[in-house]
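Data first, discussion second: the structure below is written as structure tokens.
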Amino acid sequence: MSARLRARTWVEPRANFARPRKLVCEPARAAEFFYSGQQGGAEMVAKMRERYEDSKLYRIRHSTAHVMAQAVMELFPGAKIAIGPAIEDGFYYDFDLPRTLTPEDLEQIQKRMVEIIKGKHPFVRRVVSAEEARQIFKDQPYKLELIEGLERGEVDEDGNPVEEKPEISIYQHDSFVDLCRGPHVENTAEINPKAIKLLHVSGAYWRGDEHNPMLQRIYGTAWNDPKELEEYLWRLEEAKKRDHRKLGRELDIFTFDEEVGPGLALWTPRGGAIIEEIEKLAKEVEFKHRYVRVRTPHLAKEDLFVHSGHLPYYAESMYPPMELEGVRYYVKPMNCPMHHKIFASRPRSYRDLPLRLAEYGTCYRYEKSGELFGLMRVRSLQMNDAHIYCSEAQFEQEFTDVIKMYLEYFELFGIQEYYMRFSTHHPRGLGKKYVNNPELWKKTEDMVRQAMQKNGIPYIEIADEAAFYGPKIDVQVRSAIGREFTLATNQVDFAQPARFELTFTNEAGQPETPLCLHRAPLSTHERLIGFLLEHYAGAFPVWLSPEQVRIIPITDSQNEYAVNLQNRLYDLGVRVEADLTPDRMNAKIRKAQLMKVPYMLVVGEKEMNAGAVALRKRDGSQQVMPVEEFIALITDRIRTRSAEL
RNA sequence: GCCCUCAUAGCUCAGUAGGUAGAGCGUGCCCUUGGUAAGGGCAAGGUCAUGGGUUCGAAUCCCAUUGGGGGCUCCA
């Protein structure tokens, strides 16, 4: 996942418009950066200032990238080098090579790197003029392009936009010279040759632009000592075990079928049970927060999406149209236009606002084939969607309320690490990527910023990543093993209400355009369940478990007792199975354990005669109790959505 | 979409000097009636992803397609 990290900037409240820059954290520290619970953001902001970039590990990784580049250059004389930064947990370097790298190449390269490191070469920094730099890198077209940018003061040597014109510096160790801002370690001796490892090769566009040539990127990792490296590799292994795709198959939650199509998940009965629970939860919470539920179709005429702006701005993410009786229809990529039409279906008064329309809407998005990723990126998705129509005066209250709803959910799911990613527009995209209305962009962005600052919500501001109709907040969460996901989203929409000429009559009797807040705290079923699978490692809390109870008769003389018990629990709404196979009890326990069923009820002669059950919890603990007591226990756990087993 | 890579039984995987397939788990049946993570036996199950090509002969070599994975980019 590390390479999925995006350019970003930590911004404290009141900071000015910030441009994206590469910033990555070592995981141990990144955890501290995340906003945890309700505490104030002040000290966290201070911690944000302790940059990963200032750490020794960062310098080690950056320097190791240079060493790797040297090794590659020696192996492939004439290779073109691009950029090679340190990233979370490691580093990479991009190359333009005459042929594709193989795993054997990586071994070769790593071997050579070890030799170079052992040579104890100092890293020497030198500031040079643009002219001299061009001379040094005359055979390196990518470097020349970067020098151009540096000279114009537009980008740094990683190609990221900068505020001030930087000086041009080069770093040399042994025979290798690189255009580089640094910092580096003093000497290759500071790199532990036993704590580095090259991981894999992949393609990467020069400067991330698909119109540019595809380069070969080598990912590697580097640590202070071999123990840390080992720990890191162990963490990768652990992450594999929690991979939602693997767990989804093992626990029989969902499946994909080639004939159905890529990115189109099929939910099995067990997955369906989880979805039922999540929808039940959402309905309860939304009821409490005064939402009303609506239902809308999966497709609509072309006109609707022209009107909404989806076709002009979002067409490439939509499935192509189907034509019927000369009319073109599209399956919806979002629910908003339909909800707007419901708003418009009758005159609205300020007394109707805020109007909160909620729907678990199914949408279809044509994600590029290479984008698909298990349940996390799919083409058919069911969203915990709602649109809140409100006046400007109500905006802050509504926005804050939505944030509070997020917090409720996070507490329930035991999500302890998260932060808000505030995506704003960039003027250069006006009329292209973004609706052309600079005043409204500024106004709504200020409103969001203000609402977050007033509520002490720390956030990261990212330029040029807004939705086409307005600024948005993405909520980034970390799973129990520290992988980061975009889960919830919260978007301000000032464009569509105007496009649809939505109005309400205000207190002065005048028509006024409402603001619209899109929000999806529980994300989509697909992404949320993918996340939860990893987060819980498949061991769902009782209320969410696809199978809550497995009844295990010891011999088949208890089968009838088991079935009666099963029926009794079933009638109480408990998801329960009785294992009547001829397996021995030990095997039955093992099977239930592997399926991560929270409660096993072992029933033998003794239990049957006493009207009792021998409860074995998923954690291995055991306790014999009357049936009534167990019923009280499980119904309480389910009712309170307890995290406790 | 692009670069790389992979595709053998429901699952995990063997099967390299090209001679039309194996294991474990799972499933079914039989025996076993066993007190907290695998009792034993037998059986069924694969046109080796799909379509072409090379060859006397292809799971094995080549091409294309489909799907999966690692990334780039994008996003719920």
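Labels below follow one simple rule: chain letters A, B, ... track the order of the sequence lines, proteins then strands, and each chain is numbered from 1.
Residue A/Leu487 is in sugar-phosphate contact alone, with no base atom involved, counting any heavy-atom pair closer than 4.0 Å across all strands shown. At a threshold of 4.0 angstrom between heavy atoms, the contacts of A/Ala520 with the nucleic acid are absent. Note on A/Ser369: a base of the nucleic acid sits closer than 4.0 angstrom, heavy atoms only. The residue A/Gly374 sits close only to the backbone: its heavy atoms come under 4.0 Å of sugar-phosphate atoms, none of a base. Contact annotation for A/Arg365: base contact, defined as any heavy-atom pair under 4.0 Å involving a base atom.
Taking only side-chain atoms of A/Met585, from C-beta outward, the nucleotide of B/C75, B/A37, B/G35 with the closest atom is B/G35. Of all nucleotides listed (B/C31, B/C75, B/G26), B/C31 comes nearest to the side chain of A/Pro582. Listed candidates were B/G26, B/G70, B/U36. Nearest to the side chain of A/Gln622 is B/U36. Closest to the side chain of A/Lys368, out of B/G35, B/U73, B/C75, is B/U73. Here the side chain of A/Glu371 is nearest to one of B/G1, B/A37, B/A76, namely B/G1. Listed nucleotides B/U73, B/C3, B/A37 differ in distance to A/Met214; the shortest reach to its side chain belongs to B/C3. The side chain of A/Pro262 lies closest to B/G67 when the candidates are B/A38, B/G67, B/C75. Comparing B/G71, B/C74, B/G1 by their closest approach to the side chain of A/Tyr205 singles out B/G1.
Interface remark: the A/Glu465 side chain does not form any donor-acceptor pair with the B/C75 base, using a distance-only criterion of under 3.5 Å. The base of B/C72 is not paired with the side chain of A/Arg217 by any donor and acceptor separated by under 3.5 Å. Applying the 3.5 Å distance criterion, the base of B/A76 shares a donor-acceptor pair with the side chain of A/Thr524.
Using a 4.0 Å cut-off between charged side-chain N and carboxylate O, A/Arg356 and A/Glu286 make no salt bridge. We find that A/Glu465 and A/Arg421 are joined by a salt bridge, their nearest charged nitrogen and carboxylate oxygen being less than 4.0 Å apart.
Across the protein-nucleic acid pair, A/Asn586 atom CG and B/G34 atom P stand 13 Å apart, rounded to whole Å. Rounded to an integer number of Å, the gap from A/Lys246 NZ to B/U12 P is 8 Å. Separating the CG atom of A/Asp579 from the C1' atom of B/A38 is a distance of 13 Å, rounded to the nearest angstrom. Across the protein-nucleic acid pair, A/Ile462 atom CD1 and B/C74 atom P stand 11 Å apart, rounded to whole Å. Atom CZ of A/Phe468 and atom C1' of B/A76 are 15 Å apart (whole Å). Computed from coordinates, the A/Leu580 CG to B/U33 C1' distance equals 14 Å when rounded to whole Å. Atoms OH (A/Tyr93) and P (B/C72) sit 18 Å apart, rounded to a whole Å. Rounded to a whole Å, the CG atom of A/Asp96 is 12 Å from the C1' atom of B/C3.
In this model, a donor atom of one side chain and an acceptor atom of the other lie less than 3.5 Å apart for A/Tyr219 and A/Arg217. Judged by distance alone, the side chains of A/Glu279 and A/Asn384 never bring a donor and an acceptor atom under 3.5 Å apart.
In this model, the phosphate group of B/A76 is not approached by any side-chain N or O of A/Tyr314 to a distance below 4.0 Å at OP1 or OP2. Considering only side-chain N and O atoms, A/Gln491 lies under 4.0 angstrom from the phosphate OP1 or OP2 of B/A76. Distances shown here put every side-chain N or O of A/Arg99 at or beyond 4.0 Å from the OP1 or OP2 atom of B/C3. Taking 4.0 angstrom as the limit, A/Arg245 places a side-chain polar atom (N or O) nearer than this to OP1 or OP2 of B/G69. A close approach under 4.0 Å does occur between a side-chain nitrogen or oxygen of A/Lys472 and OP1 or OP2 of B/A76.
In this structure, A/Glu276 contributes its side chain and A/Gly271 its backbone to no donor-acceptor pair below 3.5 Å. A donor-acceptor pair under 3.5 Å is formed between the side chain of A/Ser523 and the backbone N or O of A/Leu487.
Taking a 4.0 Å limit (strictly below) on heavy-atom distances, residues 249-258 of chain A reaches RNA chain B at A/Arg249, A/Glu258. Within residues 547-556 of chain A, the residues approached by RNA chain B to less than 4.0 Å at the level of any non-hydrogen atom are A/Ile554, A/Thr555, A/Asp556, in residue-number order. Contacts between residues 603-620 of chain A and RNA chain B, defined by a heavy-atom separation under 4.0 Å, are made by A/Gly604, A/Glu605, A/Lys606, A/Glu607, A/Ala614, A/Arg616. Annotation: proximity of residues 275-282 of chain A to RNA chain B (heavy atom, distance under 4.0 Å) is found for no residue.
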Let's test your reading of the pairing rules: Watson-Crick or G-U wobble, both distances under 3.5 Å, then write RNA chain B as a dot-bracket string with ( ), [ ], | and dots. (((((((..((((.....[..)))).(((((.......))))).....(((((..]....))))))))))))....
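Ring planes of A/Phe531 and A/His535: parallel class, angle under 30° (limits at 30 and 60°). Ring-plane geometry between A/His298 and A/Tyr364 is classed as tilted, the angle between the planes lying from 30 to 60 degrees on a 0 to 90 degree scale.
Taking atom P in both B/C63 and B/A76, the straight-line distance is 39 Å, to the nearest Å.
Under the side-chain hydrogen bond (donor to acceptor under 3.5 Å, both in side chains) criterion, the residue pairs touching residues 592-601 of chain A are A/Gln593-A/Arg616, with sequence neighbours excluded.
No more than 12 heavy atoms of other residues, nucleotides or ligands shown are found within 6.0 angstrom of CZ on A/Arg295.
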